[in-house]
Amino acid sequence: MEMVMPPPEEFFCPTKVLAGKRAIEALPFELAGLGVGKPLLLFGSSPLDRFRLKIVEGALGESGLVYGVCGPVPTDVDLPIVREVAINYLENGHDALVAVGGGTVVQTAKLVNIAVTGRPEDLARCVGEDNIPGPLNTLAVISTLGGTGYESTNYVSLGDRRYRSGRLMPDLMIIDPRMMKGTERGEGAAVVVTALTQAVEAALAGANPFVVPYTEAAIRFIFERLPLWLAEPKDGTSALALANACHYAGCAYSNVVSGSVHSLGRQLAPVVGGEAGAIMSCLLPRYLACVAANDPARVASLWPYLCGSEDYIPPSVPERAGGAVFAMEEFLRKVRVTMGWDGLSLTALNDERRETIVDAALREGYGVWDREMGLRILTDTAKEG
Amino acid sequence: MALSYRSGIPGGKFFKKTYVALMLWFVGRAIQAAASFDEDVREEFSALPDGFTFSMNVLPAGPAMIVGKDKQGKIRYRGWDPGRQRIDLSISIKNIENAILLFTFQESTAVATARNRLIVAGEVPWACAVVRVLDMVEVYLLPKVIASLAVKRYPAWPLGRILSGRVKIYVMALLGW
């Protein structure tokens with residue numbers, strides 16, 4: 001039998017994850033292991049963010065850790081904010097960043113990390129893919145069930161500047177149920193659907209078997225737990241599972257090229273209004289249908305996660321592909337009904353505008369996915385209403 | 001809203017630290033007591049080297065418990081300060097909250113180990129022996145409903161052994177025999 005060498009593959013995930021009860025209390029020990037002596041905590045601007053900061057500071061009791069606190073980070077991050085945090089970091093002799101929360105807090109932390117590890121000019125120099133020349137200072141994220149869905153990823157943006165590098169991924173991710181309390185359903189659902197999109201597109205990219213366990217775990221957790229959490233947002237177990245799923249999806253997303261639904265959702269969000277996750281919930285089933293029409297075997301591979309395969313013999317490949325598309329459509333339809341998200345109205349967009357959006361999304365995804373499929377996804381979604 | 005900066009110094013957890021310190025003090029003396037009358041505990045320690053000393057402590061700065069064999073082979077509780085003692089086995093609990101989980105029996109030693117809440121520095125077989133000793137001491141100290149949470153498997157000891165051992169261990173631990 002001939003020995004066949006596997007194709008070249010690359011997988012990078014440097015993040016250590018601590019998830020579960022009292023996980024935040026492990027922060028001082030883990031930071032000490034990373035050689036950190038004086039971290040800078042960043043927090044957000046909402047009352048919930050201040051409450052979460054209190055939890056983290058309480059968890060540091062008896063640790064002997066000296067730290068600084070900087071914030072609140074506003075909901076729109078710009079260069080002056082990044083500069084101010086970086087100045088505080090450097091002037092006070094900090095050697096690590098701890099982002100308490102998600103969204104712009106993590107976004108700011110990643111950008112500051114670029115500026116303080118090297119020079120502030122690096123923020124201009126390192127734009128693009130894999131342009132960060134060396135390891136960055138330690139970054140820890142104390143995750144919430146909210147934000148943008150990019151907290152775990154190798155991606156960050158500042159206005160029109162986009163940075164993508166494995167060095168941006170956090171060194172430490174702490175997922176503690178206490179940080180999930182009080183999360184708004186809308187915010188949480190949007191982030192989870194973004195994570196679902198990341199996971200599904202990573203699974204269907206098919207390029208890297210290392211990604212499979214992450215995508216499978218993310219999709220399973222989301223399908224099992226999102227309905228439970230939407231019905232009862234105080235369900236801490238479901239919230240923890242969803243936060244873990246978002247992290248798995250982020251790791252998978254960081255090892256594939258950004259897919260069409262993901263890119264289109266981000267481009268459409270400022271145009272039609274609403275959360276990118278809500279928009280992705282409309283686009284994702286159309287995407288699956290498009291892929292199933294060309295390559296049903298790929299979509300059929302999702303069937304065990306979406307439909308379950310424990311009890312009976314799986315049907316044929318086309319039936320599994322159709323079943324997977326239907327299951328995804330039903331799941332996301334129920335999420336939209338529960339959340340009161342309107343259907344995505346694309347009728348106001350003419351053909352030229354749609355093409356502009358697809359081209360912008362294609363540039364974000366480095367031109368890997370098919371332009372015609374992107375246009376078809378938008379057209380089919382517009383027809384569905 | 002403008003960004004603000006402040007330094008932070010973590011507070012203390014006086015009551016939790018005091019509770020854990022008391023528990024370690026009592027468990028240390030209870031191990032000394034149990035080794036004097038319980039055959040199984042003596043057998044576990046006899047398999048360990050002469051002069052064997054182990055510590056159980058909470059990072060980063062205590063409290064701690066040190067127990068070791070003296071020159072005659074008797075098991076002695078040696079306080080909380082290692083000083084210049086050679087510690088052959090160190091079981092460190094990563095933080096005070098993990099210690100609270102352990103000493104309020106929300107997690108057994110086995111579960112805490114599986115959840116990476118402890119660090120063991122020393123030979124793994126010695127650590128297993130110490131954990132078995134701790135389990136036996138906890139069976140003596142605690143009623144079954146609580147001890148079942150603390151140990152991996154509640155032993156099928158005769159009731160007489162448990163009750164007589166419980167009286168002995170409490171008296172001897174309190175009096176320091």
Side-chain angles (χ1 to χ4, degrees), chain A residues 16-33 38-46 50 53-54 56-75 77 80-89 91-94 98 108 112 176 178, chain B residues 1-24 55-65 80 90-121 149-150:
Chain A
K16 178 171 183 178
V17 181
L18 301 174
K21 192 176 176 180
R22 302 283 174 190
I24 301 175
E25 273 77 0
L27 180 65
F29 179 85
E30 297 297 334
L31 289 178
K38 193 176 179 187
L40 176 65
L41 274 59
L42 292 181
F43 67 99
S45 52
S46 71
R50 290 181 186 275
L53 177 67
K54 275 191 185 166
V56 174
E57 289 195 272
L60 298 180
E62 287 296 333
S63 68
L65 189 70
V66 176
Y67 60 93
V69 179
C70 187
V73 174
T75 49
V77 178
I81 296 287
V82 174
R83 188 178 295 128
E84 194 174 341
V85 176
I87 290 170
N88 278 313
Y89 181 106
E91 285 185 350
N92 292 284
H94 293 288
V98 178
T108 306
V112 168
D176 190 304
R178 289 172 292 177
Chain B
M1 196 184 293
L3 286 180
S4 66
Y5 174 88
R6 63 173 168 85
S7 295
I9 300 172
K13 297 185 179 183
F14 174 76
F15 292 108
K16 289 182 177 175
K17 197 171 178 180
T18 305
Y19 173 79
V20 173
L22 280 171
M23 290 295 288
L24 285 170
S55 79
M56 191 168 204
N57 60 293
V58 180
L59 296 175
M65 156 186 86
W80 60 270
S90 168
I91 299 175
S92 302
I93 305 169
K94 287 183 179 177
N95 56 70
I96 194 72
E97 292 296 333
N98 288 353
I100 286 291
L101 288 175
L102 209 55
F103 289 108
T104 54
F105 316 110
Q106 293 176 63
E107 289 183 356
S108 65
T109 314
V111 168
T113 308
R115 291 178 179 169
N116 207 18
R117 303 202 193 274
L118 310 174
I119 306 167
V120 173
L149 301 171

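Convention: sequence-line order gives letters A, B, ...; per-chain numbering from 1.
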Exam field: side chain B:K94 to backbone A:P28, donor-acceptor pair closer than 3.5 Å: no

Closest non-hydrogen contact found for B:P10 with A:S63 is CG-OG, 3.8 Å

Ranked by heavy-atom pairs below 4.5 Å to chain B, first place among A:L60, A:L65, A:N92 goes to A:N92

Heavy-atom check, side chain of B:S7 versus side chain of A:Y67, under 4.5 Å: no

Which portion of B:R117 sits near chain A, non-hydrogen atoms under 4.5 angstrom: side chain

Closest non-hydrogen atom pair, A:V85 against B:L3: CG2-CD1, 3.5 Å

For A:A59, is it the side chain, the backbone, both or neither that has a heavy atom under 4.5 Å from a heavy atom of chain B? backbone

If one checks every heavy atom of A:L18 against chain B at 4.5 Å, the contacting part turns out to be neither

What's the spacing between A:E25 CD and B:L101 CG if we round to 0.5 Å? 8.5 Å

Determine yes or no for a side-chain-to-main-chain donor-acceptor pair under 3.5 angstrom, with A:E62 supplying the side chain and B:G12 the backbone. no

Donor-acceptor check, side chain of B:S4 to backbone of A:G71, threshold 3.5 angstrom: yes or no? yes

Distance in Å, A:I87 CD1 paired with B:Y5 OH, rounded so as to fall on 0.5 Å steps: 13.5 Å

To check you understand the geometry: which heavy-atom pair defines the closest contact between A:K21 and B:Q106, and what is its length? NZ-OE1, 3.2 Å

Heavy atoms, side chains only, cut-off 4.5 Å: are A:V66 and B:I9 in contact? no

From CA spacing to verdict: side-chain contact (heavy atoms from CB on, under 4.5 Å), B:N95, A:F29: CA-CA 8 Å; B:N95 56 70; A:F29 179 85; 5.7 Å; no

In terms of side-chain geometry, is the basic nitrogen of B:R6 or A:E57 positioned less than 4.0 Å from the acidic oxygen of its partner? yes

